[in-house]
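Counting from 1, the numbers follow the sequence of the chain as shown. Side-chain atoms are counted along with the backbone in the values below, which use heavy atoms only and exclude waters and symmetry mates.
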Amino acid sequence: MSIRVSYTLRLVQHEAEFRSFLAATKGNAGEKRLASQFICRFFKHFPKAQDDAIQALFELCEDSDASIRKQAVKDIPALCRGCPGKVSRFADALSMLLGTDDAQEVSSIHAALYSLFSINMKGVMEGIFTRLLQTAEEEDGSDEVMALIRERLLKFLVTKVKQYGELDKDVEEYIMQQSKKLLEDVTKDEFIAVMELLRSLKTMATVQSRQQLVEMVVDQAALDEPFEASDPDCVDRLLHCVKSATPMFSKNVHSKQFVGYMCDHVLPVLKEIVSPDEETNIQLEVLKTFAEISEFAGDIDKLEKRLNTVFTALLEHMPPPPSEGSVEAAAAEDPKLNFSQVECLMYAFHQMGRKLPGFLSEETNAERLKDFRVRLQYMALSSQVCTKRLKEALQGKSGELLRTDENKKRVVALKLFTNITVLVKDLMHNPPAYKVTVTLSWRPTKPEPKVAETNENTPAAGAKRNITPITYDGSDGKKGANPKQARTLYQPPSGKFSDKAGSYTNYNSNNSYGGYNNNNNNNNRGYRGGYRGRGGFRGRGRRGAQGGSGQNTGFYQNKLS
């Protein structure tokens, strides 16, 4: 211990020499790289010179020579190991450097930031969020650089936080708090990245945290503002907010705010909704999103009114059979029905209807139920026709043949028609039932439980056992055989230990002897980056790259993968 103290005292006496390293940062390339190494190595021993040393390192990080910048970035983690309290300041500085165009330099900055995780995780987060929350005030086009820095920082956080594993509770709480502030002014891509970061936190396993995240999304979705069906920005914002919150919904975290908003404002104007591009069937995307969140709607306000809205939309996609001819004959023809939309709306009606079973079964609704059953019958028969054709097309195909795009669509369509058939059977009960559970056709099917290995002779479940009759030697399995013939008695073993078992006694006792049209193209494009208005995310907005014009950016410029 005394040797260490003596060594430290001697180092402090050499502050002048240490400052010579700082002066070397003004020298040639070799001197600068060497100065960077020595400054980081001896930094902790000269507290009076630390502010000057930090400034010198920052200048090296911004040097015109890329090799000098990379050297300084590489040396910073060594400095922070001796001074963990400086991590926040250096994390902020490293974050600012991500505006470079050099891919190798970006990689080295990422590596340096990740190295700081093991030194002071919270300090790194403080530095990164300081930079993320920084708003560019210059009017010289620096907004473009700031946007690039924010994009790379968010991507870094999402990737590295997942790789790092479990974080301390106080670190996760800090990320949650700062993300709330960040969501006040984000573009679409930034919003998606922030939500992905928050969902990756371990704290999201708790009901309270998931509810908190849903409330953040509700605020971002601007449900207190009118829905503009003709504004692609407004439609896209709502869809992405709902999809971001969907993984959080459960029997304890409800989606009733989104369900209520879509029943009141979206479904009535479904046909008027404008698609962001020609590739996206926006009406179907809206209905898919609505169906997914209807499962966990909880106790919905104004249930009868909103259920009637869903029922009306369902009837619009379930026309009655043609007046001429029988229902069976009409269904046998090539049915031209929107089966994908029907699946979505019927599923949502089934989920919400179980909370108000009298909606169809009460006497006052007898005419409604009668008309609905005719439509259900026509839909069921049409589904059976399509199911038969699909099975014929898939018959005999397996392995690679089933992996072709066309056959994948057929498999999904088969699930769709099966779902419709099952739901129709439930609703055709008298009174209508709401008991069956289905998995929406576009969702992945849960893997079947593994079947335990059985012996070749083990009967399948539900099959009768093939019992082999018990026979005796010489009987040949014939009834007339004498069971006592050639019957031998059990002979106990003999020997040293078996003699103690006693004699054997024979007790003579009796022996007694189971859509095709289900395209899920998630190609909605970007939000405008920010005023709290009809279409964009809530936020202050960003000035354009041409100088502080205050124009919004990001109008459907980037397609989602």
Side-chain angles (χ1 to χ4, degrees), residues 125 129 132-135 150 154 157-158 172-201 203-229 231-250 252-267 286 289-290 292-294 296-302 306 524 526-542 552-555 560:
M125 293 300 171
F129 275 102
L132 284 171
L133 294 169
Q134 184 73 29
T135 303
R150 286 163 68 102
L154 284 171
L157 276 179
V158 172
E172 293 201 347
E173 289 177 354
Y174 180 81
I175 294 175
M176 194 81 172
Q177 293 170 0
Q178 298 304 308
S179 295
K180 285 183 182 179
K181 298 177 183 178
L182 190 61
L183 286 174
E184 294 176 2
D185 184 11
V186 290
T187 62
K188 181 198 71 173
D189 292 334
E190 290 170 354
F191 171 76
I192 294 173
V194 172
M195 295 306 299
E196 187 176 354
L197 171 65
L198 292 175
R199 286 197 301 266
S200 69
L201 301 179
T203 187
M204 285 303 140
T206 65
V207 173
Q208 184 179 3
S209 296
R210 286 187 281 115
Q211 183 63 53
Q212 191 177 3
L213 183 56
V214 169
E215 291 171 359
M216 292 166 60
V217 180
V218 168
D219 181 67
Q220 195 67 53
L223 300 185
D224 56 340
E225 297 178 0
F227 178 74
E228 297 290 343
D231 184 357
D233 256 355
C234 184
V235 177
D236 204 25
R237 180 194 63 194
L238 177 64
L239 282 179
H240 278 90
C241 285
V242 177
K243 289 177 180 179
S244 295
T246 298
M248 301 293 107
F249 295 140
S250 66
N252 297 316
V253 181
H254 297 154
S255 59
K256 60 181 180 181
Q257 289 172 289
F258 287 108
V259 171
Y261 184 84
M262 295 187 78
C263 288
D264 295 342
H265 302 283
V266 181
L267 293 183
V286 169
T289 305
F290 179 65
E292 288 179 345
I293 65 175
S294 65
F296 301 112
D299 298 327
I300 306 175
D301 299 329
K302 299 181 287 186
R306 288 167 172 170
N524 300 324
Y527 298 89
R528 54 190 174 190
Y531 288 112
R532 176 178 173 178
R534 295 177 179 174
F537 280 125
R538 296 192 172 192
R540 297 183 294 277
R542 299 230 168 78
N552 292 324
T553 59
F555 285 99
L560 294 175

| Flag, side chain of Thr203 to backbone of Glu172, donor-acceptor distance under 3.5 Å | no

| said: If we ignore hydrogens and angles and just use 3.5 Å, is the side chain of Ser255 paired with the main-chain N or O of Phe249 as donor and acceptor? | reply: no

Between [atom1] of [X] and [atom2] of [Y], what distance do you get to the nearest 0.5 Å?
X	Y	atom1	atom2	answer
Lys243	Ile192	NZ	CD1	9.5 Å
Thr246	Phe296	OG1	CZ	10.5 Å
Ser179	Tyr174	OG	OH	10.0 Å
His240	Gln220	NE2	CD	13.0 Å
Glu215	Arg210	CD	CZ	13.0 Å

I want to check something: taking the side chain as every heavy atom from C-beta on, are [X] and [Y] in contact at a cut-off of under 4.5 Å?
X	Y	answer
Leu182	Leu154	yes
Cys241	Met195	no
Val217	Met248	no
Leu132	Gln178	no
Leu157	Met125	yes
Val218	Tyr261	no

| message | I'd like to check the salt bridge (Lys or Arg N to Asp or Glu O under 4.0 Å) partners of Arg306; sequence neighbours left out, ordered by chain and number. | response | Asp264

| task | Give the minimum heavy-atom separation between Ala193 and Val158, together with the two atoms involved. | result | O-CG2, 3.4 Å

| Is atom CD of Gln257 surrounded by more than 12 heavy atoms (other residues, nucleotides or ligands) closer than 6.0 Å? | no

| query | In chain order, what residues pass the side chain to side chain contact (heavy atoms under 4.5 Å, CB included) check against Gln212, with sequence neighbours excluded? | reply | Met176, Lys180

